Amino acid sequence: MLTTRPRGTLDYLPEDMDRWHQIEGLAHKVCRLYGYQQVKTPVFEHTELFERTVGGATDIVEKEMYTFQDRGGRGLSLRAEGTAPAARAYLEDKLYAQPQPTKLYYVEPIFRYERPQAGRMRQHYQFGIEALGSQNPALDAEIIALAMDFFGRLGLTGLDVQINSIGCPKCRAAYREKLVTYLRGVAESLCDDCRARLERNPLRVLDCKNESCRPHLEAAPVASEHLCPECRTHFEALQAYLAGYGIPFKINRRLVRGLDYYTKTVFEIIAPGLGAQSTVCGGGRYDGLIEVLGGDPTPGVGFGLGIERLTLALEAQGIKLPRTSATDVFVASLGEAAAARALRLVHDLRAADIAADLDYLGRSLKAQFKYADKTGAKWVAIIGDEELAADEVTLRRLDTGEQERVPAAGLVARLSEEVRRAAAGQAARAGEQAPRAKGEHS
RNA sequence: GUGGAUGUAGCUCAGCUGGUUAGAGCGCCAGGUUGUGGCCCUGGAGGCCGCGGGUUCGAGCCCCGUCAUUCACCCCA
């Protein structure tokens, strides 16, 4: 083999795509229910978009971006994060001139140069939403509710919602000073990483996982207890709204997100059974971001939701989504004349929106049956000499083994009816499932 | 970037203290019925034992390097 897929990337194979389409389809559906509209932005952006918004002192910008120059000498980077491109599009494409607030979503790949591990890929997909133009805490609650609704409809349980507030630039400056003063006092007891972070990004010291730092950080001042009145009111309102949605949550006073643009609300949704990378959804408010990009002050709030981690969570809970891509009918034939007839029949079936397939390997009838069975076909239509003479086909249901002779001319109409009935049954079952899954979270 | 584990058939793995033609189960293909799937039986195809070097009469097994996978740290979805 000449080469393999690059480290930290995944091939999505046919067997994966049913689940993928259903997850993405559900994202489309839930977003429509909540009034969010889809955008697609380029896979690469000018590097400064990420440098200026995410922050130059963050790991993402310092060491994780796929950055390159194009042939015209432009400095570009593969999308390292979802919010900044969406915010850029909002400003550049003047979405602020549309009815407000602007509620957007996307399902797109993100690229970060990291060491791969469970739930971490160099290319991964995020379903993200962004609500721009309102600082109403009800919107912070809405996006959390949307995420939980989405998870609930997939049947996921045991999710843990953690929220915090890191304040606005006003209260954060005062708090930051207080924190740095405290940390300097205990600096000698902290690990090397923390001492370095103390100067560059002191808030991050708080969620250091190093055991030796823990005791010294217990007494450190936390942001949520040093909020200005506006931020405190916002945080309290968010909690009231979440309660109103019936969403259980925990306040995690050490939750600090690593991106510079966050203000006020930050949150994570953690799924059980994922190993070390257990956050399936993370986000928060970014009221200063649009200004950094050169626009008028415009508040915003959003989240990113990792599709690969979601998939791991579904597997951990044994949740299998139904197969949707199988062919409806396999047309088996015996002999050359019958094969020619089968070809025409398949053509007619497909024209009538019935998924039909046939043998291309000259296989025995038995082998054709095995193939039909393994590929998930629901029916096999058999054409042999007898059927050819009578202008009929033998139609067999593979799940029940029921078999009958039907006129060839009536096959399309007959199967159309069956396929429609099956689809209606499936829709009804899906409809029953949703409220029950949703109820498990309230 | 740091640390640990693992690389043998498409998949999951065996392979005794280095010793002749490298095995199993599942999967794939075919046959058992020249008109019928799932179960069963039989047969077949498929492996430069990740790659490169070394030790040895002899290496899948030992040593070194390298690449890849994987888990964890950092950080993130």
Side-chain angles (χ1 to χ4, degrees), chain A residues 1 3-10 13 15 54 57-65 79-83 107-128 147 191-194 196-197 201 204 207-211 255-259 267-271 274-283 302-313 330 332-335 338 361-388 393-403 405:
Chain A
M1 187 173 184
T3 188
T4 56
R5 79 181 98 83
R7 185 155 205 215
T9 61
L10 245 32
L13 301 177
E15 60 192 356
V54 174
T58 60
D59 281 7
I60 290 181
V61 170
E62 266 185 355
K63 50 185 192 188
E64 295 179 359
M65 291 213 293
R79 176 170 40 235
E81 191 268 331
T83 299
V107 181
E108 290 187 312
I110 305 283
F111 304 86
R112 284 179 209 156
Y113 187 84
E114 301 181 272
R115 287 285 285 263
Q117 77 187 78
R120 166 184 292 150
M121 299 276 104
R122 289 186 172 178
Q123 177 182 176
H124 74 274
Y125 283 82
Q126 280 188 23
F127 160 36
C191 65
D192 292 347
D193 284 344
C194 282
R197 274 190 293 232
N201 200 344
R204 295 224 57 91
D207 66 351
C208 178
K209 278 99 186 165
N210 201 319
E211 285 301 324
L255 178 60
V256 181
R257 310 227 83 228
L259 284 50
F267 72 93
E268 291 187 1
I269 301 174
I270 292 159
L274 286 203
Q277 310 304 324
S278 56
T279 300
V280 283
C281 178
F303 70 64
L305 190 158
I307 303 292
E308 287 76 3
R309 287 187 189 175
L310 168 62
T311 300
L312 291 176
F330 185 91
S333 59
L334 285 150
L361 294 175
R363 286 196 266 218
S364 67
L365 184 65
K366 179 188 176 113
Q368 292 185 56
F369 260 93
K370 284 192 177 188
Y371 178 81
D373 187 43
K374 282 172 195 156
T375 53
K378 187 151 194 189
W379 291 278
V380 172
I382 307 159
I383 307 175
D385 293 341
E386 283 176 41
E387 287 87 349
L388 218 45
V393 303
T394 298
L395 184 62
R396 181 180 178 90
R397 266 190 74 132
L398 288 183
D399 53 355
T400 62
E402 291 171 276
Q403 184 166 312
R405 290 278 284 266

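Keep in mind the model is a prediction, meaning the values are calculated, not measured. Proteins come first, then strands; the chains are lettered A, B, ... in the order of their sequence lines, and each starts at number 1.
- Base pairing in RNA chain B yields stems of at least 3 consecutive Watson-Crick or G-U pairs, both distances under 3.5 Å, namely B:1-7 with B:67-73, B:10-13 with B:23-26, B:28-32 with B:40-44, B:50-54 with B:62-66.
- When the P atom of B:A77 is taken as reference, atom CZ of A:F267 falls 10 Å away, rounded to whole Å.
- Taking the C1' atom of each, B:C61 and B:U20 are spaced 16 Å apart, rounded to whole Å.
- Taking atom CD of residue A:E114 and atom P of nucleotide B:A77, one finds them 9 Å apart after rounding to whole Å.
- Nucleic acid contact for A:Q277: base, since at least one base atom lies under 4.0 Å from a heavy atom of the residue.
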Could you run down the sub-3.5 Å N/O contacts of the protein with nucleotides 66-70 of chain B?
unit_1	atom_1	unit_2	atom_2	d
B:U69	OP2	A:R7	NE	2.9

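- Atom-to-atom, CD of A:E402 to P of B:G37 comes out at 17 Å; the value is rounded to the nearest Å.
- Of the C1' atoms belonging to B:C74 and B:G3, the separation is 12 Å, rounded to the nearest Å.
- For the P atoms, the distance from B:G31 to B:G47 is 23 Å, rounded to whole Å.
- By the side-chain hydrogen bond (donor to acceptor under 3.5 Å, both in side chains) test, A:T279 pairs with A:E268, sequence neighbours left out.
- Taking atom CZ of residue A:R363 and atom P of nucleotide B:G35, one finds them 17 Å apart after rounding to whole Å.
- In this structure, CD1 of A:I60 is placed 18 Å from P of B:G1, rounded to the nearest angstrom.
- The CZ atom of A:R122 sits 5.5 Å away from atom CZ of A:R7, with the distance rounded to the nearest 0.5 Å.
- What you find for A:A377 and A:L398 is that their closest heavy atoms are O-CD1, 3.5 Å.
- Side-chain N/O atoms of A:E62 and base N/O atoms of B:G1 include no donor-acceptor pair closer than 3.5 Å.
- Distances shorter than 4.0 Å separate none of the side-chain N or O atoms of A:R396 from OP1 or OP2 on B:G35.
- If you take CD on A:Q123 and CZ on A:R5, they are separated by 11.5 Å, rounding to the nearest 0.5 Å.
- Atom C1' of B:C40 sits at a distance of 50 Å from the matching atom of B:C57, rounded to the whole Å.
- Partners of A:F127 according to the ring-ring contact (aromatic ring centres under 6.0 Å, His included) rule, which considers only residues two or more places apart in sequence or in another chain, are A:F150, A:F303.
- A:T58 comes within 4.0 angstrom of nothing in the nucleic acid, heavy atoms only.
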Listing time: all N or O pairs from protein to nucleotides 40-49 of chain B that are below 3.5 Å?
none

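- Rounded to an integer number of Å, the gap from CG of A:L365 to C1' of B:G35 is 5 Å.
- The base of B:U36 has none of its N or O atoms less than 3.5 Å from a complementary donor or acceptor on the side chain of A:Q368.
- Across the C1' atoms, B:A14 and B:A77 are found 39 Å apart, a figure rounded to whole Å.
- Under the rule for a side-chain hydrogen bond (donor to acceptor under 3.5 Å, both in side chains), A:R309 has no partner lying at least two apart in sequence or in another chain.
- On the C1' atoms, B:G65 is 15 Å away from B:U55, given to the nearest whole Å.
- With values rounded to the nearest 0.5 angstrom, A:L310 atom CG is found 15.0 Å from A:Y125 atom OH.
- Expressed to the nearest 0.5 Å, how far CD of A:E308 lies from CD1 of A:I110 amounts to 10.0 Å.
- In this structure, the CD atom of A:E64 is 10 Å from the P atom of B:A77, given to the nearest Å.
- B:C39 sits 39 Å from B:G50 when the C1' atoms are compared, rounded to a whole Å.
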